[in-house]
Amino acid sequence: AQSVTQPDARVTVSEGASLQLRCKYSYSGTPYLFWYVQYPRQGLQLLLKYYSGDPVVQGVNGFEAEFSKSNSSFHLRKASVHWSDSAVYFCVLRYQGGSAKLIFGEGTKLTVSS
Amino acid sequence: ETAVFQTPNYHVTQVGNEVSFNCKQTLGHDTMYWYKQDSKKLLKIMFSYNNKQLIVNETVPRRFSPQSSDKAHLNLRIKSVEPEDSAVYLCASSSGLGGREQYFGPGTRLTVL
């Protein structure tokens, strides 16, 4: 069955430090993958997306993610975090074709300490 | 810049009441969705609509019903709310059934007393 796992429910990093949020997926083909961010009391905003091609994709605000088919992973990275990056981050898998159903990970709550 | 609008932001009601939430998108998309986000932040799709036709109904309780007047609007009605309906309801839209990314509204937080 298709699924997305974010093994870290909570991550705390210091401002200016580097960040990696982990995501593992289960899907028989090559999926479409996304990272969304949800700030407190707000909806989800798209950070970046992977469809095909270059496994490293760039997103907004200095975020990037690397797709690995061999590891079934799509980890999110940022070189230097800011306090405003504190939010909940969701890794999301979309079926190719069909009803455009999205499968969400459980989310990782990021806290950036000053 | 918000392009998927939801009203109200918050709603508090009693068990058994009827509530209705509105969603409008200005992106020109023809597919819209409703998601439920529980207290643990878990998201699950409830409905999707393409060109005013229901495409997916993820076996939600019958008291929930989506209502669409045109492809830019998708409302959600709950006929008789239960305590377990307390959640954040998120509306989203995409371009066609093959549309890859979905764009979300800010959500409506429902509290059932």
Side-chain angles (χ1 to χ4, degrees), chain A residues 1-6 8-11 21 23 27 29-53 57 59-60 65 67 74 86-111, chain B residues 1-10 21 23-25 27 29-51 53-59 87-111:
Chain A
Q2 295 80 6
S3 66
V4 177
T5 301
Q6 294 179 245
D8 305 309
R10 294 175 180 270
V11 170
L21 300 182
C23 172
Y27 187 70
T30 300
Y32 294 155
L33 291 161
F34 309 88
W35 277 97
Y36 282 85
V37 60
Q38 186 175 33
Y39 298 103
R41 306 287 182 177
Q42 296 187 29
L44 277 69
Q45 299 176 28
L46 182 65
L47 267 183
L48 47 78
K49 56 198 175 190
Y50 173 79
Y51 300 143
S52 65
V57 291
V60 298
F67 169 71
F74 189 56
S86 295
V88 179
Y89 292 79
F90 292 94
C91 182
V92 182
L93 176 156
R94 181 204 181 280
Y95 293 165
Q96 292 199 26
S99 62
K101 182 177 178 179
L102 297 183
I103 306 296
F104 287 81
E106 305 94 331
T108 297
K109 183 173 183 179
L110 172 67
T111 300
Chain B
E1 184 180 350
T2 303
V4 181
F5 303 91
Q6 291 185 241
T7 57
N9 295 327
Y10 304 93
F21 304 146
C23 179
K24 169 187 174 182
Q25 55 91 7
L27 295 166
H29 291 163
D30 59 4
T31 304
M32 296 183 69
Y33 312 82
W34 278 106
Y35 290 85
K36 181 180 180 181
Q37 185 173 38
D38 65 21
S39 59
K40 296 182 179 180
K41 299 287 189 182
L42 295 176
L43 278 141
K44 289 190 176 179
I45 189 168
M46 301 176 70
F47 303 100
S48 64
Y49 253 80
N50 175 257
N51 283 327
Q53 290 190 342
L54 180 66
I55 302 300
V56 171
N57 179 339
E58 294 292 324
T59 61
V88 176
Y89 293 87
L90 292 164
C91 176
S93 72
S94 69
S95 177
L97 283 176
R100 294 170 172 177
E101 57 261 34
Q102 296 181 15
Y103 295 87
F104 287 79
T108 294
R109 182 177 298 273
L110 173 66
T111 300

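So that the names make sense, note that chain A is the first sequence line, chain B the second, and so on, each numbered from 1.
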>> Does K36(B), at its NZ atom, have more than 12 non-hydrogen atoms belonging to other residues, nucleotides or ligands within less than 6.0 Å?
In response: yes
> At what distance, to the nearest 0.5 angstrom, does OH of Y36(A) lie from CD of E101(B)?
Replying inline: 6.5 Å
> For Q37(B), is it the side chain, the backbone, both or neither that has a heavy atom under 4.5 Å from a heavy atom of chain A?
Replying inline: side chain
>> Counting only non-hydrogen atoms closer than 4.5 Å, does L44(A) touch chain B with its backbone (N, CA, C, O), its side chain (CB onward), both, or neither?
In response: both
>> So, taking the atom named CD in Q38(A) and the one named NZ in K41(B), what distance separates them when rounded to the nearest 0.5 Å?
In response: 4.5 Å
> When only pairs under 4.5 Å are counted, which of E106(A), Q42(A), R41(A) shares the most heavy-atom pairs with chain B?
Replying inline: R41(A)
> Does a side-chain heavy-atom distance below 4.5 Å link L102(A) with Y35(B)?
Replying inline: yes
> Is it the side chain or the backbone of Y89(B) that comes within 4.5 Å of chain A heavy atoms, both, or neither?
Replying inline: neither
> Y39(A) versus chain B, heavy atoms under 4.5 Å apart: side chain, backbone, both or neither?
Replying inline: neither
>> Using heavy-atom distances under 4.5 Å, tell me whether L90(B) contacts chain A through its side chain, its backbone, both, or neither.
In response: side chain
